[in-house]
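See structure below.
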Amino acid sequence: MNTTSNLPAILASRRRFLGQAGAMGILALGAQAPGFWARAAQGAVNRDGRILVLLQLAGGNDGLNTVIPHTRDEYYRLRPSLAVPKGAALKLNDELSLNPQLVGLKELHDQGLLSIIQGVGYPAPNRSHFRSMDIWHSAVPTKEHTRDGWLGRAMDAAANSLVGQVPALALETGPLPLALVAGRTSVPTIQGVQDYRLSGGAGDALEQQRKRSLIGSLANHRGTGANDADDDLAFLRRTATTAIATAKRIEASASHKPTKPYPATGLGRRLETIARFIAADVGPQVYFVSLDGFDTHSDQAQAHNALLTELGGATRAFFRDLEASGLAKRVLLATFSEFGRRVKENGSLGTDHGAASQMFLMSGGIAPTIHGSHPSLTDLDEGDLKHHTDFRQVYATLLEQWLGWPSEPALLGRFKQLKLG
Amino acid sequence: MKTLFLFLAALGLAQPLAGAPPIELPAGALAFLEVNDLAGQVTRVRQSLLSKLITQSPEYRQALEAPQARQLLAGMQFAENLLGTNLVKVSDAMLGGQMVLALYPREGRKEPDAVLALRVGDAAVWQQLRGRLQPLLVLAGAKLKRTAEPGGVDRLQLEDKVFGLLRPDGLLVASRKDLLDSAEVLFAGKQAPALSASSAFAKFGEQMGRRHFMRLGVDLEAMQKRFGARLGVPAQFDNGGASLLFQALAELALKSPYLGLTLDLDDRGFDFAAGIAGGPKQVAPEFRWYFSDPASRGAPPLPEVPGLIGGLSWYVDFAGWYRQHEKLLTERAQPEFDKFESGIKTLLPGREFAEDVLPALGRSVTLVAAHQQFKHLGGGLPAVKLPGFALVFDLAKPAEGGDLFALLFQTIATLTNFGAAETGKEPWVMVAEEFEGTTLSRMRHLRAPKGAALPIVYNFMPCGAQVGSHFIFASAPDLCKGLMTALKKPAPKSANRNLLIQLRPGQLATLARNNGDILKAQFVQKGQDTATAQRGIDTLLQLLQAVESLEHYSTVGEDRFQFRLEGRWK
Amino acid sequence: MTAPQGMLAPVDWRVRPWTAADARHLLWRAQFGASGAEIDRALKAGAAASVERLLHPTPSREFEETSTLLRRCAMDTGSALDLKAWWLHRMHHSSHPLVEKLTLFWHNHFATSITKVRSAAVMAAQNDLCRREALGSFPALLHGMSKDAAMVAWLDGNANRRRHANENFARELLELFALGEGHYTEKDIKEAARAFTGWHVRDDKFWFNRGQHDEGIKTLFGKSGNLDGGDVVNLCLAQPACPRFLAKKLLTAFVLPRPSEAAVAALAERVRELDFTMSRVMSELFSSELFFSREARGSLIKSPVDLVLGALRALDGEPNLQAVQRLLALLGQDVFAPPTVKGWEGGRLWVTSASLLQRANFAAALVGSNQCGTIRFLKSPRLRLDASSAQLTKDLAELLLPQPLDPEQENQLAQHHAATKGTPEDRLRSLLHVMMALPEFQQM
């Protein structure tokens with residue numbers, strides 16, 4: 001894919017953004033302190049690079065009721081009360097339909113922004129939420145108690161090219177997701193713009209601004225004898241300078257108004273924040289968000305419908321916004337869930353923990369494709385769908401073909417990639 | 001807290017005098033605020049035990065030490081020197097009468113116009129003050145135009161923005177000349193269209209009384225004309241809790257000509273009221289679930305159980321609300337209901353909330369908290385002693401409802417055994433106990449817990465019992481039994497209450513005293529030394545004991561709805 | 001017994017003078033920060049008397065009474081928050097801060113979290129053990145830990161049964177508590193685990209569950225027999241790797257982040273010769289050439305506890321312990337709840353771009369509001385508010401920072417102070433805020 005072709009649009013959006021936020025705000029640091037560490041921080045802005053948004057569907061999404069093989073009789077037989085009626089589903093092609101709640105995704109599909117990877121899983125699937133989620137995050141199915149995650153290791157391996165920036169950001173309330181835990185690179189988790197800022201402390205706005213710029217300038221000091229990259233003080237100065245520069249960009253991003261309205265859902269708000277950070281060049285190349293509640297053991301329809309509506313609505317708004325600001329080609333959003341659910345519904349109008357499921361990729365920068373076929377509904381593994389694509393193949397694809405990071409150190413092995421197109 | 005003390009400190013320096021004839025302001029106001037004999041009220045409050053306690057407290061003294069307080073005191077000193085009299089006299093003179101502030105709409109401008117009228121309590125002191133203030137008026141320079149008129153009247157004008165009138169008996173200030181002129185006519189006791197005669201404020205006066213220490217009235221019809229018919233009230237709420245508590249009230253308020261607030265104070269307490277006009281019949285049927293029948297008592301009084309600390313009793317046709325949630329709430333809020341119903345099904349296997357549970361619910365729910373004695377622990381005592389809590393549900397269908405609640409109780413009680421071992425709690429089994437001829441279900445620890453410093457979880461023992469059409473969930477057997485006895489007695493006759501909240505601060509003080517060391521530790525954790533912490537607790541206890549009762553209730557009438565908040569102190 | 005030699009030899013204070021900077025360096029390392037008065041006192045007392053005072057201070061009854069109140073509160077409520085407040089109060093107010101500093105060192109060494117143990121009482125008992133042996137005997141501590149109720153719960157001791165050995169404790173004993181990676185084999189872990197079978201806990205107390213103890217022959221480090229847990233601990237202590245492991249940890253915690261092999265070997269030798277007696281080891285360390293060497297000065301990145309309590313102590317502050325513990329959790333050092341059995345690795349891992357912002361924001365909150373506590377420093381008679389901006393900057397840098405600032409930085413700060421509007425106190429607050437937000441303030 002040719003990234004340079006997107007440049008004019010990106011520059012235009014940057015210009016517009018700078019116009020809104022006031023170029024002074026962003027450039028102030030550089031202007032008042034053309035210092036040592038600031039150079040790294042400024043150089044680090046991920047201007048034309050690609051961005052991966054990882055969306056976790058926590059709880060185990062029922063893939064079978066998300067992308068529906070509407071031609072298979074077994075689906076209707078095994079899901080007597082939960083099956084989506086043939087007429088209601090949103091038809092994608094002769095074999096597959098989307099759940100009717102996913103009108104948002106259908107729109108993305110019709111615009112050529114949606115890819116689906118079917119039958120994703122891993123060998124000897126584990127059906128515990130905790131363990132299976134760990135496996136998806138660590139990408140090491142065989143080893144328990146891994147201390148880092150696949151993206152964490154990827155960042156460590158790419159560390160040299162990430163110097164002086166915040167490579168990833170999780171919009172989470174809890175601790176850092178394991179996928180982003182790294183040995184050498186630190187990833188902040190924030191809930192929103194307010195969590196990552198440099199306080200000006202007491203005094204009026206001017207006094208606060210004075211202090212903030214002095215703190216930035218003093219952190220950006222190239223002292224005597226403390227310039228060795230291995231020196232702890234140099235490390236502290238570098239990190240502080242990056243932090244302050246990133247905080248400035250995040251603060252400036254607050255004035256970036258979405259070009260399109262977002263639904264007022266939790267996911268909608270978080271994706272809106274991400275779009276804002278992307279438009280403001282805050283820096284991270286990877287964003288992590290999750291949507292929780294997919295553990296639908298009973299009365300699945302109501303809860304699942306609500307979640308799919310939230311998913312479809314928020315991602316549609318996200319891409320409408322990105323398209324309008326010319327950024328959709330730079331962004332790829334990938335969904336995953338710790339497992340799919342049993343093919344056969346249970347006795348309380350729900351479904352229990354299963355195995356293989358699909359992943360969605362949404363982006364304006366890849367060719368829309370439906371990868372692989374829908375797993376068989378008759379040839380099952382203890383009642384669960386069998387995977388034909390290992391999730392690590394998808395990870396390898398995203399790392400190598402999208403982010404341009406080496407996949408082997410991240411996945412501790414080589415995996416056959418898909419064609420992103 | 002500090003601000004409150006500062007405020008009280010400031011009031012503490014003011015003093016009393018008698019009342020005055022009512023002031024009238026011009027008609028057409030959006031809202032008005034009226035205060036009568038502020039100085040006198042302050043004296044009465046100052047003489048109460050409560051305020052003595054406050055002024056003796058270390059916090060109050062500390063507050064007086066604060067820089068803001070010192071600035072305030074210094075400012076007052078300066079003012080006294082300037083005025084040549086003490087501020088107590090000044091405040092008596094100025095605030096002993098009546099003060100009214102009203103806001104008027106002005107075409108083409110967002111900010112309203114204002115008129116302030118003040119009738120002084122002591123004309124002689126006022127006269128003296130005016131003499132002292134003359135030089136200051138001169139200092140204001142050319143911007144301020146001053147015209148002396150016969151009869152001791154000074155007319156002032158500051159550019160085109162402020163118009164004032166100083167009279168021997170008071171003063172008037174307005175932001176528009178014509179408003180000042182109309183106000184002047186009324187102030188002099190002549191006839192003219194007056195604020196109190198407008199339909200909204202007339203209704204306010206008629207329904208909530210005309211003489212109060214403080215009154216705030218809003219002409220909702222005028223507001224609607226100016227700010228739109230719905231005044232920002234959404235047609236559908238997006239939060240279930242807010243809908244249940246406020247939506248029907250907001251709808252009623254939109255039909256009311258006024259919104260009124262009144263406050264009365266004396267040395268033994270205060271009485272705050274808020275009201276609107278209109279009754280259940282004035283709102284559309286989908287909002288009537290909130291209102292009890294004006295002819296009925298609505299929510300029952302709190303049951304008199306031993307050691308009652310407080311509680312609330314609420315009339316609400318929950319089923320009536322729930323069945324309309326799709327109408328009342330936005331699309332966004334709907335999934336919450338689905339999640340709630342799925343959750344309830346886990347606790348009530350095989351039962352559908354809307355089908356099976358709603359019809360069984362009655363029209364009121366009561367929550368109470370009361371001291372417990374822990375006899376059920378067989379000698380053991382928790383280190384932290386919490387009160388017992390209970391929920392009493394009114395059942396529309398006692399038989400089916402009772403079964404459902406019993407099922408719910410059993411499921412919850414069983415769930416509490418999961419994880420018991422991890423938290424170090426002894427597991428328990430359910431037992432039935434006869435009490436006054438009624439069955440009480442509760443739990444029994446397999447081994448009686450020993451010691452006087454048991455973990456906090458030992459404050460909670462689930463109990464369930466049904467008395468007639470009431471189902472009791474309690475966290476303590478003492479309270480459950482107390483409720484069983486109380487609920488068997490016929491409830492005393494009472495006036496209509498839609499929502500009733502009562503608090504007995506003396507009992508709260510007992511609770512605080514029983515856990516004194518833990519409270520003290522909390523103060524120390526915040527950075528106080530133990531002696532200061534102890535003084536803080538002592539003050540808190542004395543304050544709580546000085547307050548006799550705090551009560552909040554709302555009443556539904558055929559043509560009015562009112563909230564009251566009453567406090568009584570010693 | 002031989003005396004310490006070479007880099008561990010005591011500094012000869014007759015050869016070079018004992019300065020305020022030396023006193024500040026000693027106090028920041030041996031306790032949680034140092035106030036101006038404490039630095040003055042240590043300066044007057046001299047090096048030897050100051051170390052002696054750190055080791056044997058005068059106890060305070062008032063402090064112990066308040067501490068008892070806070071501990072009882074934690075026991076009564078069973079709340080982790082109250083438990084943390086109790087300990088943080090000790091760290092800040094104890095008349096024997098070195099003991100608390102080492103208690104925290106041992107808490108990190110034997111990192112156990114209340115999130116799994118779930119009992120405040122059991123966690124407090126483990127903390128008591130760390131405190132009792134803080135300046136005591138490492139062997140006693142290691143033996144105590146192997147029978148400690150919190151440790152048994154934390155590392156699944158009750159699951160360590162005769163036919164199904166659970167290796168969790170044995171593995172961590174060898175890897176994290178006594179020897180370090182590379183000094184044992186997987187076989188050693190298996191054998192050691194067998195020796196600890198049946199070392200259980202019942203009713204929050206150690207309980208030897210005889211029926212679950214493996215009475216067979218085990219072989220560890222070449223020694224065979226019906227070994228039990230106590231034997232394993234003793235065998236570990238006798239391994240040369242043990243004093244080395246401890247020496248390296250002490251050096252990185254108290255002296256410098258990347259000690260040389262020679263320094264580790266030298267201290268290990270002293271640890272062994274002093275029979276793991278911590279008071280002697282710490283006394284020698286705090287008197288040594290290495291400790292006062294140029295490379296050690298300001299070389300450690302402050303832990304969140306050092307940062308927060310240190311700032312409060314330096315400014316004569318009275319912490320709001322509830323706010324402080326929230327802050328510590330945010331900064332990544334939630335005491336009584338380390339993330340894993342490895343504890344906090346510390347050093348550069350304390351620092352992330354987000355945590356540096358939080359650290360700077362803490363400085364703003366501390367001097368700008370009283371949400372973290374109140375600071376008496378601004379009212380201190382020691383403070384010369386009327387001094388020139390340059391002098392004030394110099395004085396504050398001397399009090400707060402481990403190393404002198406570059407003149408250029410000092411200039412910028414003085415100019416800032418001179419240009420700040422408001423009362424002398426407001427201006428001082430502004431200067432303090434900026435100074436404590438410096439990367440230099442993150443070191444000690």
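Sequence lines set the chain letters: A, B, ... in the order given, protein chains first and strands last, and positions in each chain run from 1. Fair warning: this is a prediction, and the values are worked out from it, not measured in the lab.
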Would you say NZ of K248(C) has more than 12 non-hydrogen atoms from neighbouring residues, nucleotides or ligands within 6.0 angstrom? no
Locate the shortest heavy-atom distance separating D232(A) from P257(C); write the atom from each residue and the value. OD2-CG, 3.7 Å
Of all heavy-atom pairs linking R210(A) and H416(C), the shortest is NH2-O, 2.9 Å
Would you indicate whether the side-chain heavy atoms of T246(A) and L357(C) approach each other to under 4.5 Å? no
Where is the tightest heavy-atom contact between A243(A) and S353(C), given as atom of each residue plus distance? CB-O, 3.2 Å
Search all heavy atoms of A240(A) against all heavy atoms of L356(C) and return the closest pair with its distance. N-CD1, 3.3 Å
N361(C) side chain vs S199(A) backbone, donor-acceptor pair below 3.5 Å: yes
Sort out for me which of K421(C), R359(C), E408(C), Q403(C) touches chain A most, counting heavy-atom pairs under 4.5 Å. E408(C)
Heavy-atom cut-off 4.5 Å, strictly under: side chain, backbone, both or neither for A365(C) against chain A? neither
Residues from residues 294-308 of chain C approaching chain A under 4.5 Å (heavy atoms): S299(C), I301(C)
Evaluate the side-chain contact (heavy atoms from CB on, under 4.5 Å) criterion for residues L218(A) and L413(C): first the C-alpha distance (whole Å), next the side-chain angles of each, then the deciding distance (0.1 Å), finally the verdict. CA-CA 9 Å; L218(A) 287 169; L413(C) 285 164; 3.7 Å; yes
Which of residues 427-444 of chain C have a heavy atom under 4.5 Å from any heavy atom of chain A? S430(C), H433(C), V434(C), A437(C), L438(C), P439(C), E440(C), Q442(C), Q443(C)
